[in-house]
2 protein chains.
Amino acid sequence: MPYKERDIEKQYFTIGEVAAQFNVAPSLIRFWETEFEELRPRKSKKGNRLYTPQDVDIFRTIYHLVKERGYTIPGARDMLKQKGPQLKEKIDVIQSLEKVRKFMVTMKKELDAIGKAQQG
Amino acid sequence: MPYKERDIEKQYFTIGEVAAQFNVAPSLIRFWETEFEELRPRKSKKGNRLYTPQDVDIFRTIYHLVKERGYTIPGARDMLKQKGPQLKEKIDVIQSLEKVRKFMVTMKKELDAIGKAQQG
DNA sequence: ATGTCGCGCTCTTTGTAGGGCATGGGGGCA
DNA sequence: TGCCCCCATGCCCTACAAAGAGCGCGACAT
């Protein structure tokens, strides 16, 4: 199976895809691009932004700092410059713990449901 | 020496004294009082705010989060609720390290001065 | 002693610059 | 037709600062 141009290209996400993934407006991503020099994706000949998974990781880190932790943009910028790499690791851990938590919550619900069924 | 009313009262700082200590406007301290329930000092009969050293510690923590770390006020509020006590310890460490740093900088300057004097 | 003047500090209420985006116009590519 | 581009402008809060008014206390005269 001969690979096509598309298959190579598709290592990238469009701005719309990234926006959908985080449930934010594309305008926010463009705005942050002006604020964080770390978030400057490659662009296609046409001018469209091409986000690699690494770019998405950077975006995720910024999102975490600004939207979940409550940093100002300058605050997040400083934090990113100082602890960019370490931060990514931490956020990965947080996210996997979040998944575990969700799993346990649904487990609890099911167990509760069983308990009530037997009781009532 | 019989103590007087004044001596008891003087365990407190006025808003102006606290403001001077951190080099901020009193209006900022009053504003933060509306934003952080932890920062609600006692008031005199007249209505003036009376800050205990503990109140000042709380203010210092908020100051650290908002002005040095770059948290938004909601972000600082969350952080304070979760990690208030541990945070104080950390900030104490940071502050003593800051003092050490200043000391070393002045030492370096003096050493440089000596070096140049001998050289030139 | 006692009025009272003024100064510094405080109070509460109101005003406001700018941070953090969203929206709209004009246009290109598939 | 739908998603993207760039720019300019709009706009709503956030995070305070300024304004206006009221004590209290030392000084100085009475």
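Residue numbers begin at 1 in each chain, while the letters A, B, ... track the order of the sequences.
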Problem - Which residues share a ring-ring contact (aromatic ring centres under 6.0 Å, His included) with B:Phe59, sequence neighbours left out - result: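 B:Phe59 satisfies ring-ring contact (aromatic ring centres under 6.0 Å, His included) with B:Phe22, B:Trp32 once adjacent residues are dropped.
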Handout entry: Listed partners of B:Glu33 passing side-chain contact (heavy atoms from CB on, under 4.5 Å), at least two apart
Key =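 Testing B:Glu33 for side-chain contact (heavy atoms from CB on, under 4.5 Å), a comparison that skips the adjacent residues, returns B:Arg40, B:Pro41, B:Lys43, B:Arg49, B:Tyr51.
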Problem - Pairing residues for B:Asp57 by the side-chain contact (heavy atoms from CB on, under 4.5 Å) criterion, not counting sequence neighbours - result: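 Testing B:Asp57 for side-chain contact (heavy atoms from CB on, under 4.5 Å), a comparison that skips the adjacent residues, returns B:Arg60, B:Lys88.
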Handout entry: First and last nucleotide of DNA chain C, 5' to 3', lying under 4.0 Å from heavy atoms of chain A
Key =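 Nucleotide range with atoms under 4.0 Å of chain A: C:dG20 to C:dC29.
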Practice task
Kindly write out the residues that satisfy side chain to side chain donor-acceptor pair (under 3.5 Å) with B:Gln21, not counting sequence neighbours, or none if the list is empty.
Solution key: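 None.
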Do side-chain atoms of [X] reach the backbone of [Y] as a donor and acceptor pair under 3.5 angstrom?
X	Y	answer
B:Gln86	B:Lys83	no
A:Thr72	B:Gly70	yes
B:Glu68	B:Leu65	no

Problem - Contact under 4.0 Å: A:Thr14 side-chain N or O vs D:dC4 OP1/OP2 - result: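 For D:dC4, OP1 or OP2 has a side-chain N or O of A:Thr14 closer than 4.0 Å.
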Completion exercise
Its contact letters, B for base, S for sugar-phosphate only and - for none at protein heavy atoms under 4.0 Å, make nucleotides 5-14 of chain D read SS--------
Problem - Student check: side-chain heavy atoms of B:Ile29 and B:Val24 closer than 4.5 Å - result: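 SC-SC contact between B:Ile29 and B:Val24 confirmed.
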Exercise for the section: May I ask you to say what B:Lys67 touches in the nucleic acid, namely base, sugar-phosphate or nothing, with a heavy-atom cut-off under 4.0 Å? Expected result: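 Result for B:Lys67 = sugar-phosphate.
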